[in-house]
Every structure is written in structure tokens, then in C-alpha cells.
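Worksheet: the structure to be examined is printed underneath.
In this chain, numbering begins with 1 at the start of the sequence shown. The basis for the numbers below is simple: all heavy atoms, side chains too, and nothing from hydrogens, waters or symmetry mates.
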Amino acid sequence: GIDAYFAETVFTPKKSPELFVRLIESHGGTIEETFVVGDYLQEEITHGNAAGIKTIRFVNGKFAHHIPRGIHDTPWRSVDSLRSVAELIA
């Protein structure tokens, strides 16, 4: 699964920029070394961008047809495989 690609993964049903920042701080991380990976532009990507975190859109599956509407939901990078995510963050 996805866990093999990351030191730690956190899944949460409700997202917000504040939640992302709290999670980073509670795990001793920094915004600069954190990535938000998600497939839904209006959730993970929008909130990750608002928090100043690099966002990686996983363009594969249910929301692949969605198109960014502006800078707020445009990801830092887009990928179509978890291997590509691993290459980006290595």
C-alpha cells in the first residue's frame, strides 16, 4: 500500500490548512519537508496549498477528470503513480 512509500502517513476525513499545520507540528516536522498527496483538488490540494505545503495530485481514479480552476487548487506537481510520488520526494 501507500505506507511503503512514506516514513509516516496520516489519513483524515476532514481537511483544513490548520489541521495540516497541526499534524506537521505534532509530528515534529516542518512545512518545508512535508508533502500533501491527494486526488481531490477541492480538498487535499486546496487546503495543502493554503497551508503553504507542496501538494502532489494523484491523477488516477475517481477525480482524475477534475481540472484546476485557479492557483488555489493547482498542485505543485501531478503524478499518475505512487512510484512517481516517491521519485518526486526522494
Side-chain angles (χ1 to χ4, degrees):
I2 193 171
D3 293 332
Y5 292 91
F6 302 97
E8 185 165 355
T9 54
V10 177
F11 294 91
T12 178
K14 287 282 219 177
K15 287 110 179 142
S16 72
E18 297 80 17
L19 173 65
F20 286 146
V21 171
R22 278 197 315 271
L23 285 170
I24 292 167
E25 291 172 349
S26 71
H27 287 82
T30 66
I31 286 176
E32 295 77 22
E33 66 185 359
T34 302
F35 298 86
V36 171
V37 180
D39 62 349
Y40 191 39
L41 294 171
Q42 285 72 41
E43 286 285 330
E44 296 93 358
I45 304 305
T46 297
H47 296 306
N49 286 345
I53 304 167
K54 289 181 183 171
T55 54
I56 301 172
R57 180 181 180 204
F58 187 64
V59 187
N60 192 347
K62 185 175 174 179
F63 303 110
H65 66 283
H66 289 193
I67 298 169
R69 294 178 281 175
I71 195 159
H72 67 282
D73 65 354
T74 298
W76 172 69
R77 298 286 188 272
S78 293
V79 298
D80 60 5
S81 71
L82 291 176
R83 183 177 304 260
S84 296
V85 172
E87 292 168 1
L88 274 176
I89 65 175

Side-chain contact, heavy-atom cut-off 4.5 Å: Val36 with Pro75? no

State, to 0.1 Å, how close Leu19 and Ser16 come at their nearest heavy-atom pair, and which atoms those are. N-OG, 3.0 Å

With hydrophobic residues grouped by side-chain heavy-atom distances under 4.5 Å, do Val10 and Val37 end up in a single group? no

Could you tell me if the side chain of Phe58 sits less than 4.5 Å from the side chain of Val79, heavy atoms only? yes

Do Phe63 and Val59 sit in one hydrophobic cluster, given that two such residues count as connected whenever their side-chain heavy atoms are within less than 4.5 Å of each other, even indirectly? no

Heavy-atom side-chain contact between Leu41 and Arg57 under 4.5 Å: yes

Shortest non-hydrogen contact from Ile31 to Gly52? CG2-O, 3.1 Å

Give the minimum heavy-atom separation between Gly38 and Ile45, together with the two atoms involved. O-CD1, 4.1 Å

Not counting sequence neighbours, which residues clear salt bridge (Lys or Arg N to Asp or Glu O under 4.0 Å) with Arg22? List them please. none

Would you indicate whether the side-chain heavy atoms of Ile89 and Ile56 approach each other to under 4.5 Å? yes

Spell out, as yes or no, whether a donor-acceptor pair under 3.5 Å connects the side chain of Asn49 to the backbone of Thr46. no

Rounded to the nearest 0.5 Å, how far does CH2 of Trp76 lie from CG of Leu88? 5.0 Å

For Lys15, enumerate each residue passing the salt bridge (Lys or Arg N to Asp or Glu O under 4.0 Å) test, keeping only those at least two apart in sequence or located in another chain. Glu44

Contact summary for Gln42 and His66, nearest pair of heavy atoms: OE1-ND1, 3.7 Å

Do Ile53 and Ile24 have side-chain heavy atoms sitting under 4.5 Å apart? yes

Residues Gly70 and Asp73: closest non-hydrogen pair is O-OD1, 2.9 Å

